[in-house]
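Counting starts at 1 for both ligands and their atoms, in listed order. Basis for what follows: all heavy atoms, side chains included, without hydrogens, waters or symmetry-related copies.
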Amino acid sequence: MKKVSFAEFGGPDVLHLIDAEEPHAGPGQVRIAVRAAGVNPVDWRIREGQVLGAHPTELPSGVGQDASGVVDEVGEGAEGVEVGDRVFGEGSSTYAEFAVLSAWVRMPEGLTFEEAAGYPSVVETALRIIREVGVRPGQTLLVSGASGGVGSAVLQIARDRGITVIGTAGAANQDYLRSLGALATTYGEGWVERVRRLGRVDAALDLAGSGVIRELVELTGDPRKVISIADLGAPELGVRFSGVAGSVPEALAEAVGLIARGRLHIPVEKSYPLAEAAAAHVDSQAGHTRGRRVIVV
Ligand SMILES: NC(=O)c1ccc[n+]([C@@H]2O[C@H](COP(=O)([O-])OP(=O)(O)OC[C@H]3O[C@@H](n4cnc5c(N)ncnc54)[C@H](OP(=O)(O)O)[C@@H]3O)[C@@H](O)[C@H]2O)c1
């Protein structure tokens with residue numbers, strides 16, 4: 001089968017499309033014929049060797065954790081799933097023709113394979129950090145870096161729970177944030193004042209890692225009401241860095257419910273063929289993805 005792989009840590013050009021042995025479903029897993037793979041920033045962070053503590057990586061390595069496709073092997077003990085089911089979920093080396101998933105759910109009606117591949121990691125992350133920051137219905141949540149994959153999920157899940165959201169994003173994404181039900185303003189010079197004008201902030205999430213932890217603490221008045229997923233320096237300012245994934249099966253089940261009720265939609269910014277995975281990484285690394293980028297197989 002064809003698979004994207006890298007044999008050394010480095011820039012996008014270390015990615016190569018190679019011929020590889022097909023993987024097989026182990027106990028509790030399924031194998032899918034991949035139709036699309038989600039591109040997450042962690043994919044290029046792993047490729048660069050930036051996150052070896054959290055993601056120990058043996059070389060050569062495959063790429064990707066999110067995918068959608070059609071089940072073609074069911075591992076021992078994997079229940080409630082059959083060959084031929086259309087599923088999306090999390091696994092490993094998903095930028096490939098076949099991949100093994102350790103958590104999955106059946107695709108709801110109306111969702112395309114391309115769209116589905118964009119959901120797993122961002123929904124798990126969004127649900128986790130909304131829970132950890134402890135924001136309640138009727139309160140206001142500030143989201144710094146709100147137009148990307150995680151931000152798009154946070155905004156819609158918070159809206160569904162009756163939480164008001166103020167989001168920051170670039171000028172080109174202001175209408176996008178409003179379309180997801182958020183109050184919107186731009187980041188950059190003067191952003192703290194612009195946020196204050198939009199309302200009182202009860203809790204805040206740093207999704208962009210753009211060096212705003214001090215300001216988020218100032219706006220909420222309490223470092224315990226701020227969480228970062230992108231600024232490793234946050235704990236020095238008393239702010240929690242959230243990096244340990246919660247339950248992916250629970251997140252996938254909740255995602256399906258939200259999608260079915262029309263409350264969650266992560267747009268696909270751009271699709272890339274498997275052979276252009278390096279271009280997908282270059283674009284993701286530029287840091288201005290709206291929704292998610294996906295690899296189509
Ligand atoms: N710790 C964890 O568990 C965990 C989990 C998932 C992701 N992450 C990390 O969290 C980050 C976000 O993930 P993602 O998938 O949402 O990324 P993404 O889809 O690439 O989105 C990045 C977003 O950041 C915004 N942005 C860029 N510069 C900004 C600035 N100076 N101020 C505010 N916003 C800015 C962009 O908005 P514009 O396009 O509008 O400029 C873009 O929408 C990544 O660094 C990722 O590695 C961590």
| query | Quick one: do Arg128 and Glu124 make a salt bridge, cutoff under 4.0 Å? | reply | yes
Salt-bridge criterion met for Arg45 and Asp43 (N-O under 4.0 Å): no
With a cut-off of 4.0 Å, which atoms of ligand 1 are near a heavy atom of [X]?
X      : value
Thr125 : 5 (C), 6 (C)
Leu207 : 10 (O), 11 (C), 12 (C)
Arg128 : 3 (O)
Ala169 : 40 (O)
Gly243 : 1 (N), 3 (O)
Asn173 : 38 (P), 39 (O), 40 (O)

Considering only non-hydrogen protein atoms, determine which one is nearest to [atom] and report residue, atom name and distance to 0.1 Å.
atom                    : value
atom 16 (O) of ligand 1 : Val150 N, 3.0 Å
atom 45 (O) of ligand 1 : Arg45 NH2, 2.7 Å
atom 1 (N) of ligand 1  : Ser242 O, 2.8 Å
atom 46 (C) of ligand 1 : Pro41 CB, 3.6 Å
atom 33 (C) of ligand 1 : Tyr187 CD2, 3.1 Å
atom 31 (N) of ligand 1 : Ser210 CB, 3.5 Å

### Query
Does the pair Thr57 and Phe9 meet the rule for a side-chain contact (heavy atoms from CB on, under 4.5 Å), with working shown?
CA-CA 10 Å; Thr57 305; Phe9 296 112; 4.1 Å; yes
Nearest heavy atom to atom 25 (C) of ligand 1, choosing from Ala286, Ala245, Gly287, Ala153, belongs to Gly287
Candidates Ile129, Ile229, Asp231, Leu177; heavy atom nearest atom 7 (C) of ligand 1 found on Ile229
Checklist entry - What do you reckon, does Gly149 have a nitrogen or oxygen under 3.5 Å from a nitrogen or oxygen of ligand 1? => result yes
